[in-house]
Colleague: 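I have a structure I would like to understand better, so I am pasting it below and will then ask my questions one at a time.
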Amino acid sequence: MCKTKEILNLLQGCKNMKKLLKIHAQVILNGYQDHPNITHKLLNFCAVSNSGNLPYAIILFQHIKNPQTPAWNSIIRGYSQSPFPLESLFYYNQMMFQSLVFPDNFTFTFLLKACEKVKKLERKCCEVHASIIRRGYIEDVVVCTNLVRSYARNELINAAQRVFDEMPVRDLVCWNSMIACYSQAGLHDEALKFYGRMRVSNVGLDAFTLVSLLSSCAHVGALKFGFQIHKFVDEYGFLEDVFVNNALIDMYAKCGSLDWACWVFHRMLKRDVSTWNCMIVGLGVHGQGDEAISFFEQMLQAGFHPNSITFLGLLCGCSHQGLIEEGFKYFQMMNSKFGLQPGIKHFGCMVDMFGRAGKLEKALDIIQNSPSQDDPVLWRTLLGACKIHKNVEIGEVAMKKLVDLRGLDAGDCVLLAGIYAEAKDHQGVSRMRKMIKTQGIKTTQGWSWIEVDDTVHKFVVDDKSHHDTDEIYMKLMEIIHRATLVGYVEEKTSGSSDSLSEECSGKSGSYHSEKLAIAFGLARTPEGTSLQIVKNLRVCKDCHSFTKFVSKAFRREIIVRDRVRFHHFKDGACSCKDYW
DNA sequence: TTAGGGTTAG
């Protein structure tokens, strides 16, 4: 065999840098440094392969006299998948200004990968888009799919959609990418609607489609849509796909159907860490800490190594169920047994756990001993606990800290106003009201979603924008009347913190979004079925009590997912046992 | 002589 062929064969089977260095030595000894094929194979291995070495690739590249497009592509690709994707752009610029070669479809694909990884590159995306048009690659489906993803990752979803719409040919990957872009941008309604377009385009679907759609269903609580997708999983034969099954578990858990989540879990023949995490997190947000612990122990027995998400689910469950000793034990175990550094979210769970249980000094101690004691989120959590336990003293400490950290938001003022109101400190309440007004602190708009007839209906406080608004308000009056007959008394808003609630700051006598969603749901769904509502804020005291009485008066199960957990209302009681 | 997609948290 001739020497070049022998070296090329060796490179073909090369698995690691140690072997590559030996081959490189052979290349030099035989005088093949300038052999184009050999040089490119060497370069590509170092730059791109997992066991390569990017700095070594750069040295090789610098020794190439007139690097051609594939050589530039290797370096641009190598950096795009490294922790330094910005370097890809640097080499692309060098390629454009210093050499006489031109970028091709591969160059753009790798370059766009780098743009996708680095945020805040909106301008760069536009520039690359212009170059793609100039060089005649705008009809290349792979290049355009990457362009769509780069725009979307840089928060230019409309530009991404335009590129998609103007593509002459779209394949399945391209459709999947567009759905994933919407889903990952948090535009879940759009992702689900977009699937309607995909269905009529006859490109079919695969596991990637299903996973993105299930993720969006999970986020908006679209159980019926999710159930339809479950049918596709069976029909199209994705029963063995771990990703699809994990997404199904997550969807069922987030849509309030823990039984179905368990059913999918037990059916799986192969599981991974995410499978266990989806179950543990699902149980955690339902307040089933003991069950979450049981799954965690089974996970360890099955030989899986937990990660930081596992502990978030576990701690969240302990916090919602008031399992203080267990929660603290697992929090400490994170580092001592599994070498995992608790993050801000884990500290948040601990503050929430101690705070909710009334151990406010301990919660304060956790914050002060955490590495993130200057994070407003932890102080806000403490403030929330002070509201529950009517503690003005620590509440004011937390509020002062939030002011110092300039992290104050309207919700904080509402919480402290609530604490003052409970303590009958009317001056305090009006001070908070004034603060929101004069400092122009922004309130968070409250939303509630409900899925009826395969459509997600969204409501805000006092919403009158819905097509059937008259019917909804009529139904709401009837519901209030029937709830009152079984004992519901509206929590007075005047002079209390609720007149400053997160949802309708400054207003009283309004109808929170979930009341409208409940009215719509009861008007449009058959008797005996349960209602699923998703809310972006925490449910307020009045709405919590209202929903309990509605569940009794109408004999309907109402499942509300609020910002932090699930509430299952049935026969006048809630699964959180009023501990939330 | 090289190319594009998915889950849990945030």
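In what follows, chains carry the letters A, B, and so on, assigned in the order in which the sequence lines appear, proteins first and then strands, with residues in each chain numbered from 1. Because the structure is predicted, anything quoted here is derived from the model rather than measured.
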Colleague: Using atom types as modelled and distance alone, determine if a side-chain donor or acceptor of A/His35 lies under 3.5 Å from a backbone N or O of A/Asn37.
Modeller: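 Answer holds: yes.
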Colleague: Among residues 69-88 of chain A, which ones have heavy-atom contacts with DNA chain B below 4.0 Å?
Modeller: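 Listed by number, they are A/Pro70, A/Asn73, A/Arg77.
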Colleague: Has A/Asp250 got a side-chain atom pairing as donor or acceptor with A/Asn246's backbone, closer than 3.5 angstrom?
Modeller: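 Not confirmed, A/Asp250 side chain does not pair with A/Asn246 backbone.
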Colleague: Is the phosphate of B/dG6 approached by A/Gln184 (side-chain N or O, under 4.0 Å from OP1 or OP2)?
Modeller: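 Answer is yes, contact under 4.0 Å.
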Colleague: Hey, does the side chain of A/Asp352 reach the backbone of A/Gly348 with a donor-acceptor pair shorter than 3.5 angstrom?
Modeller: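 It does not hold such a pair.
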Colleague: In residues 296-314 of chain A, what residues come within less than 4.0 Å of DNA chain B, judged by heavy atoms?
Modeller: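 Only A/Ile309, A/Leu312 qualify.
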Colleague: Check whether any side-chain N or O of A/Lys345 sits under 4.0 Å from OP1 or OP2 of B/dA9, and answer yes or no.
Modeller: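 Result: no.
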Colleague: Regarding A/Cys144, tell me which of base, sugar-phosphate or nothing describes its non-hydrogen contacts under 4.0 Å with the strands shown.
Modeller: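 Nothing: the residue A/Cys144, judged by heavy atoms under 4.0 Å, touches no strand.
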Colleague: Which of residues 207-231 of chain A sit near DNA chain B, with a heavy atom under 4.0 Å from it?
Modeller: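 A/Ala207, A/Phe208, A/Val211, A/Ser212, A/Ser215, A/His219 - these, ordered by number, are the residues of the stretch whose heavy atoms sit under 4.0 Å from the strand.
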Colleague: Among all residues two or more places apart in sequence or in another chain, which pass the side chain to side chain contact (heavy atoms under 4.5 Å, CB included) test with A/Leu100?
Modeller: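 Scan of A/Leu100 (side chain to side chain contact (heavy atoms under 4.5 Å, CB included), adjacent residues dropped) gives none.
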Colleague: Is a donor on one side and an acceptor on the other found under 3.5 Å between the side chain of A/His286 and the backbone of A/Arg565?
Modeller: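 Looks like no, no N/O pair under 3.5 Å.
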Colleague: Within a strict 4.5 Å, meaning less than it, do heavy atoms of the A/Thr209 and A/Trp175 side chains meet?
Modeller: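 No - every pair of side-chain heavy atoms lies 4.5 Å or more apart.
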Colleague: Please list residues of residues 33-48 of chain A whose heavy atoms come under 4.0 Å from any atom in DNA chain B, ordered by number; otherwise none.
Modeller: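 Going residue by residue through residues 33-48 of chain A, the ones with a heavy atom under 4.0 Å of DNA chain B turn out to be A/Asn37, A/His40, A/Lys41.
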Colleague: Base, sugar-phosphate or nothing for A/Phe108? Non-hydrogen atoms, less than 4.0 Å.
Modeller: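 No contact.
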Colleague: Has the side chain of A/Gln532 got a donor or acceptor atom that lies under 3.5 Å from a matching backbone atom of A/Leu223?
Modeller: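 It does not hold such a pair.
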Colleague: Apply the test side-chain hydrogen bond (donor to acceptor under 3.5 Å, both in side chains) to residues A/Ser51 and A/Asn16: give CA-CA distance (whole Å), side-chain angles for both, the deciding distance (0.1 Å), then the verdict.
Modeller: CA-CA 6 Å; A/Ser51 37; A/Asn16 54 45; over 6 Å; no
Colleague: Do A/Leu20 and A/Lys15 pass the side chain to side chain contact (heavy atoms under 4.5 Å, CB included) test, and can you show the C-alpha distance, the side-chain angles, and the key distance before you say yes or no?
Modeller: CA-CA 8 Å; A/Leu20 186 116; A/Lys15 291 274 186 299; over 6 Å; no
Colleague: Which part of the nucleic acid, if any, lies within reach of A/Val141 when heavy atoms closer than 4.0 Å are counted: base, sugar-phosphate only, or nothing?
Modeller: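 A/Val141: base contact, heavy atoms under 4.0 Å.
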Colleague: Near DNA chain B, counting only heavy atoms under 4.0 Å, which residues of residues 237-265 of chain A show up?
Modeller: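 Within residues 237-265 of chain A, the residues near DNA chain B are A/Asp241, A/Phe243, A/Val244, A/Asn246, A/Asp250, A/Lys254.
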Colleague: B/dG6, OP1 or OP2 - any side-chain N/O from A/Arg149 closer than 4.0 Å?
Modeller: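 Answer is yes, contact under 4.0 Å.
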Colleague: Please confirm whether the backbone N or O of A/Asp290 pairs with a side-chain atom of A/Ser294, one donor and one acceptor, at under 3.5 Å?
Modeller: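 No; zero donor-acceptor contacts below 3.5 Å.
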Colleague: Can you say whether a donor on the side chain of A/Asp206 sits under 3.5 Å from an acceptor on the base of B/dG6, or the other way round?
Modeller: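 Not at all, since no donor on one side and acceptor on the other fall under 3.5 Å apart.
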